[in-house]
Amino acid sequence: IFGVMFTQLFMDTYEEGITSDNYFSSLDLTLFTLFQIMTMDGWATMCREMMVQYSWAWLPFVVFVVLSGFVVLNLMIAVICDAIAILHEEGAILDDDPFNSHPDGSGSTTDATLEDSVDDATSTHLQEQVDDLTNEVKGLMQLQEQATKALEFLTQQL
């Protein structure tokens, strides 16, 4: 949708000398440019070049940057949550493993036996990684909330 919109809005800007590069003359160039904007690489320069001719050009740029940033942030949060779920799942599997029996033949493993069988340094390192991932998820969720508030504010301004 944004590709078609940007192509239609800014198709002739290079030919008219408004932009220094041919960003939007065809759909394939526009999609490549939007990918570049999504990575936050030089989008402000492109936007300022457009605003010389079109004072309203900041609006589609800002909307695209905010929405694409929101989507990318959600993807990163999903990957981190999935990794944490896998770590918790592996911990549950290790606890329920029938082959991981107590040395006295009782067939049950206590937390103390499990800790004895796993190197303390490895256990501490894994716990630190889980804690770090948890903190990262919390930070990303705060960023997501801020992005949502910014989107709500922008939509109210329109």
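Everything numeric here is computed off the predicted structure, so don't read it as measured data.
- You'll find the side chain of Ser55 stays beyond 4.5 Å of the side chain of Met51, heavy atoms only.
- Counting only heavy atoms from C-beta outward, the side chains of Met38 and Phe64 approach each other to under 4.5 Å.
- Side-chain contact between Met46 and Thr19 is absent, with no heavy-atom pair separated by less than 4.5 Å.
- Side-chain contact between Tyr54 and Thr13: present, with at least one pair of heavy atoms (C-beta onward) separated by less than 4.5 Å.
- Between Gln8 and Phe24, every side-chain heavy-atom pair lies at or beyond the 4.5 Å cut-off.
- Each of Ile77 and Val71 belongs to its own hydrophobic cluster when Ile, Leu, Val, Met, Phe, Trp and Tyr are linked at side-chain heavy-atom distances under 4.5 angstrom.
- By the criterion of side-chain heavy atoms lying less than 4.5 angstrom apart, applied directly or through intervening Ile, Leu, Val, Met, Phe, Trp or Tyr residues, Phe2 is not grouped with Leu27; the two fall into different hydrophobic clusters.
- Put simply, CG on Leu73 and OG on Ser68 are 11.0 Å apart, with the number rounded to the nearest 0.5 Å.
- Ile84 is not listed as a side-chain neighbour of Cys81, based on a closest heavy-atom distance of 4.5 Å or more.
- For Phe61 and Phe6, the distance between ring centers is under 6.0 angstrom.
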Given the rule in the side-chain contact (heavy atoms from CB on, under 4.5 Å) test, do Leu31 and Thr7 qualify, once you have shown the distances and angles that lead to the verdict?
CA-CA 9 Å; Leu31 292 175; Thr7 302; over 6 Å; no
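- Between the side chains of Thr134 and Asp131, no donor-acceptor pair is found at a separation under 3.5 Å.
- Hydrophobic clustering (side-chain heavy atoms under 4.5 Å, transitive across Ile, Leu, Val, Met, Phe, Trp, Tyr) groups Phe70 together with Met40.
- Looking at heavy atoms from C-beta onward, Thr30 lies out of side-chain contact with Tyr23 at the 4.5 angstrom threshold.
- Note that CG of Leu9 is 9.5 Å distant from CE of Met50, once rounded to the nearest 0.5 Å.
- Within a 6.0 Å radius of CE in Met141, no more than 12 heavy atoms belonging to other residues, nucleotides or ligands are found.
- Side-chain contact check for Thr39 and Asp41: no donor-acceptor pair (N or O, by modelled atom type) lies under 3.5 Å.
- You'll find the ring centres of Trp56 and Phe10 inside the 6.0 Å limit.
- Hydrophobic clustering (side-chain heavy atoms under 4.5 Å, transitive across Ile, Leu, Val, Met, Phe, Trp, Tyr) keeps Leu34 apart from Leu29.
- You'll find the side chain of Met76 stays beyond 4.5 Å of the side chain of Glu136, heavy atoms only.
- Under a hydrophobic clustering in which Ile, Leu, Val, Met, Phe, Trp and Tyr are joined whenever their side-chain heavy atoms come within less than 4.5 Å, directly or via other members, Val72 and Val137 fall into the same cluster.
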